[in-house]
Engineer: 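Got a structure here, written out as structure tokens. Questions coming.
The basis for the numbers below is simple: all heavy atoms, side chains too, and nothing from hydrogens, waters or symmetry mates. All values reported here derive from a predicted model rather than from experimental measurement.
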Amino acid sequence: MRAIEITQPGPPDVLKLCERPMPQLAPGHVLIKVHAAGINRPDVLQRTGNYPVPPGASDLPGLEIAGEIVDGDLAGSAFKKGDMVCALVQGGGYAEYCAAALDLCLPIPKGMSALEAASLPETFFTVWSNVFDRAGLAEGETLLVQGGSSGIGVTAIQLAKALGHKVFATAGSDEKCRACEALGADRAINYKTEDFVEIVKAETGGKGVDVILDMVGGDYVPREISCLADDGRLVFIALLGGGKATVPLGQILIRRLTVTGSTLRPRPLSFKAKIADNLRKHVWPLLDAGKIKPVIYQTFALEDAAKAHALMESSSHVGKIVLEVAA
């Protein structure tokens, strides 16, 4: 099969088209003929040598796919061969065929193409796990999404808004801010020209937000703590701004704040399967009804994966970048 491999750690042009053997199926896994694969920040980190591949996972990049089930043990499953699904995978998505755990496969939402569905798993699993499970965003609470125009950001904005929450988001240009508001953000904040702490405080009557989803870290941390409401939760999913911060511990004590975070890829299959169940129950009906929609910024052919990574690193996009693998 054709696939994209990382020939050595480095810039986007280390991604090269190659021929690889077909994946071998472990128990509980199915073989998917990949129609499309999503591009995500962890793929970039893996390419640069900063995201180790978990034991037993494919060394090929790609954490989310959509396509046709062509093989595997489907006994007792609601799926059958020929079904179109999207799936969260441990790696190997940048290829014509990919093995996926059956428990992490979800049906392609109604009226959605495989290309659109390939943009869903990584961001929806991540947002649900961190915003709703880990941070416990509850009825009547508010959310601040740092990086609202990213793939994670557009998912978090839409999902929180569809579930009835007030949402703030930051982005790096007025154009991106308008895009965030069009997706449902009550107020988008241009972090280059506006102070998100000041605006969040003003918009919440001085209370602050209940939950912050952050992929920046670094010097954002003390500012984020200052705009959390009492009993607020700050959850990290990446550290693009650096892994060190000055933390006002007194504020955490006095106001009962929680600072937490997680990465999804190393977690066990059983953990991810519970997220899949929650998505199937609570989120897929919203997608089926068109209340949440995929946001695709640009697509690339499989052999142009390097160009897709260059776009990802430019941060000029709004939403997801997707590889088209098969018709």
Side-chain angles (χ1 to χ4, degrees), residues 41 120 122-172 176-191 194-217 220-241 251-252 255-262 264 275 278-279 282-283 286-287 291-293 295 318-320:
R41 287 281 177 186
L120 302 176
E122 172 70 12
T123 56
F124 277 86
F125 273 76
T126 299
V127 169
W128 186 271
S129 176
N130 286 282
V131 173
F132 295 95
D133 287 341
R134 180 166 291 274
L137 185 67
E139 185 177 353
E141 291 191 325
T142 53
L143 171 69
L144 169 61
V145 181
Q146 302 284 24
S149 61
S150 66
I152 290 286
V154 300
T155 297
I157 290 168
Q158 289 192 85
L159 183 50
K161 194 63 182 177
L163 293 174
H165 299 278
K166 187 170 186 177
V167 182
F168 300 96
T170 61
K176 287 184 175 181
C177 285
R178 300 297 80 77
C180 291
E181 289 174 350
L183 290 169
D186 294 273
R187 174 68 157 90
I189 304 157
N190 184 338
Y191 63 80
E194 300 178 291
D195 183 342
F196 70 80
V197 178
E198 184 179 294
I199 290 172
V200 164
K201 287 280 194 176
E203 293 281 341
T204 59
K207 176 187 174 184
V209 290
D210 299 291
V211 172
I212 300 175
L213 179 66
D214 183 33
M215 58 193 81
V216 181
Y220 265 38
V221 176
R223 298 169 64 200
E224 289 172 326
I225 286 176
S226 72
C227 73
L228 276 175
D230 291 354
D231 296 298
R233 289 85 72 197
L234 169 59
V235 57
F236 296 104
I237 56 169
L239 301 170
L240 299 176
Q251 288 295 305
I252 293 174
R255 300 199 291 119
R256 304 172 303 280
L257 307 178
T258 300
V259 179
T260 184
S262 73
L264 185 60
I275 303 172
N278 277 323
L279 291 175
H282 303 294
V283 179
L286 298 172
L287 288 161
K291 294 181 179 179
I292 302 174
K293 296 181 180 179
V295 180
V318 175
K320 294 297 295 273

Engineer: Is the shortest side-chain heavy-atom distance between Met215 and Arg41 below 4.5 Å?
Structural biologist: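 No, every pair of side-chain atoms sits at 4.5 Å or beyond.
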
Engineer: Show the nearest heavy-atom pair for residues Ala229 and Leu257, with the distance to one decimal.
Structural biologist: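 Answer, listing the atom of Ala229 first, then Leu257: O-CD2, 3.3 Å.
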
Engineer: If only atom types and distance count, is the side chain of Arg255 paired as donor or acceptor with the main-chain N or O of Ile225 below 3.5 Å?
Structural biologist: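 Yes: the side chain of Arg255 pairs with the backbone of Ile225.
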
Engineer: What heavy-atom pair brings Gly217 and Leu239 nearest, and what distance separates the two atoms?
Structural biologist: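 Here Gly217 and Leu239 meet closest at CA-CD2, 4.2 Å.
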
Engineer: Within a 6.0 Å radius of atom NZ on Lys207, are there more than 12 heavy atoms belonging to other residues, nucleotides or ligands?
Structural biologist: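 Open: at most 12 neighbouring heavy atoms sit under 6.0 Å from NZ of Lys207.
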
Engineer: Excluding sequence neighbours, so at least two apart, what forms ring-ring contact (aromatic ring centres under 6.0 Å, His included) with Tyr220?
Structural biologist: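 If we apply the ring-ring contact (aromatic ring centres under 6.0 Å, His included) test to Tyr220, skipping adjacent residues, the hits are Phe196.
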
Engineer: What I want to find out is whether Glu181 reaches Arg178 closely enough, with some N-O distance under 4.0 Å, to be called a salt bridge.
Structural biologist: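 Salt bridge present between Glu181 and Arg178.
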
Engineer: Can you see which heavy atom on Ala179 is nearest to which on Val318, and at what distance?
Structural biologist: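 Minimum heavy-atom contact is CB-CG1, 4.0 Å.
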
Engineer: Can you establish whether the number of heavy atoms outside Lys291 located under 6.0 Å from its atom NZ is more than 12?
Structural biologist: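 Counting neighbours around NZ of Lys291, 12 or fewer heavy atoms of other residues, nucleotides or ligands fall under 6.0 Å, so no.
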
Engineer: Thr170 vs Val216, test: side-chain contact (heavy atoms from CB on, under 4.5 Å). Steps then yes/no.
Structural biologist: CA-CA 11 Å; Thr170 61; Val216 181; over 6 Å; no

Engineer: Got a second to check how far Thr155's OG1 is from Glu122's CD, nearest 0.5 Å?
Structural biologist: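 The OG1 atom of Thr155 sits 10.0 Å away from the CD atom of Glu122.
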
Engineer: Verify, without hydrogens or angle tests, whether Ser226 (side chain) and Arg223 (backbone) share a donor-acceptor contact under 3.5 angstrom.
Structural biologist: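 Yes; at least one donor-acceptor contact below 3.5 Å.
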
Engineer: Would you indicate whether the side-chain heavy atoms of Lys320 and Val295 approach each other to under 4.5 Å?
Structural biologist: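 SC-SC contact between Val295 and Lys320 ruled out.
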
Engineer: Could you check if a side-chain atom of Ile189 sits within less than 4.5 angstrom of a side-chain atom of Val200, using non-hydrogen atoms only?
Structural biologist: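 Yes, side chains in contact.
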
Engineer: Applying ring-ring contact (aromatic ring centres under 6.0 Å, His included), can you list everything that pairs with Phe132, at least two apart in sequence or on another chain?
Structural biologist: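 So Phe132 forms a ring-ring contact (aromatic ring centres under 6.0 Å, His included) with Trp128.
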
Engineer: Counting distance only, does the side-chain N/O of Glu194 pair as donor-acceptor with the main-chain N or O of Asn190 below 3.5 Å?
Structural biologist: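 Present.
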
Engineer: How close do Thr142 and Asp210 get, heavy atom to heavy atom, and via which atoms?
Structural biologist: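 So the two residues come closest at N-OD2, 2.8 Å.
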
Engineer: Return the NE2 to CG distance between His282 and Leu163, rounded to the nearest 0.5 Å.
Structural biologist: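 Answer rounded to 0.5 Å: 9.0 Å.
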
Engineer: Could you state the interatomic distance from CD1 (Ile157) to CG (Leu183), rounded to the nearest 0.5 Å?
Structural biologist: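 One gets 6.0 Å once the value is rounded to the nearest 0.5 Å.
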
Engineer: Who passes side chain to side chain donor-acceptor pair (under 3.5 Å) against Ser149, sequence neighbours left out?
Structural biologist: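 Testing Ser149 for side chain to side chain donor-acceptor pair (under 3.5 Å), a comparison that skips the adjacent residues, returns none.
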
Engineer: Any chance you could measure Ile237, atom CD1, to Leu213, atom CG, to the nearest 0.5 Å?
Structural biologist: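 So the CD1 of Ile237 and the CG of Leu213 are separated by 4.5 Å.
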
Engineer: Is the shortest side-chain heavy-atom distance between Leu286 and Leu159 below 4.5 Å?
Structural biologist: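 Contact flag for Leu286/Leu159 side chains = yes.
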
Engineer: Using atom types as modelled and distance alone, determine if a side-chain donor or acceptor of Gln146 lies under 3.5 Å from a backbone N or O of Ile212.
Structural biologist: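 No.
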
Engineer: Looking only at heavy atoms, what is the nearest atom pair of Leu144 and Cys227, with distance?
Structural biologist: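 Smallest interatomic distance, heavy atoms only, reads CD2-SG, 4.3 Å.
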
Engineer: Is any side-chain heavy atom of His165 less than 4.5 Å from a side-chain heavy atom of Val211?
Structural biologist: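 Not in contact.
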
Engineer: Can you check whether Asp186 reaches Lys161 side chain to side chain, under 4.5 Å on heavy atoms?
Structural biologist: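 The answer is yes; the side chains approach within 4.5 Å.
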
Engineer: Do Asp214 and Leu234 make a side-chain contact, defined as non-hydrogen atoms from C-beta onward lying under 4.5 Å apart?
Structural biologist: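 With C-beta onward as the side chain, the pair touches.
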
Engineer: Yes or no on side-chain contact (heavy atoms from CB on, under 4.5 Å) for Cys180 and Val167, after CA distance, side-chain angles and deciding distance?
Structural biologist: CA-CA 10 Å; Cys180 291; Val167 182; over 6 Å; no

Engineer: When rounded to the nearest 0.5 angstrom, what distance separates CG in Asp133 from CG in Asn278?
Structural biologist: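 If I round to the nearest 0.5 Å, the distance is 5.5 Å.
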
Engineer: Tell me the closest heavy-atom pair linking Glu141 and Gly136, and the distance in Å.
Structural biologist: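 For Glu141 and Gly136, the tightest heavy-atom pair comes out as OE1-O, 3.6 Å.
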
Engineer: Measuring from Leu120:CG to Phe125:CZ, what's the distance to the nearest 0.5 Å?
Structural biologist: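 Separation between the atoms: 10.5 Å.
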
Engineer: Strictly distance-based, threshold 3.5 Å: is any side-chain N or O of Arg233 a donor or acceptor partner for the main-chain N or O of Asp231?
Structural biologist: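 Between the backbone of Asp231 and the side chain of Arg233 there is a qualifying donor-acceptor contact (under 3.5 Å).
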
Engineer: Do Leu287 and Phe124 come within less than 4.5 Å of each other through their side chains, counting heavy atoms only?
Structural biologist: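 Counting from C-beta outward, Leu287 and Phe124 do come under 4.5 Å.
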
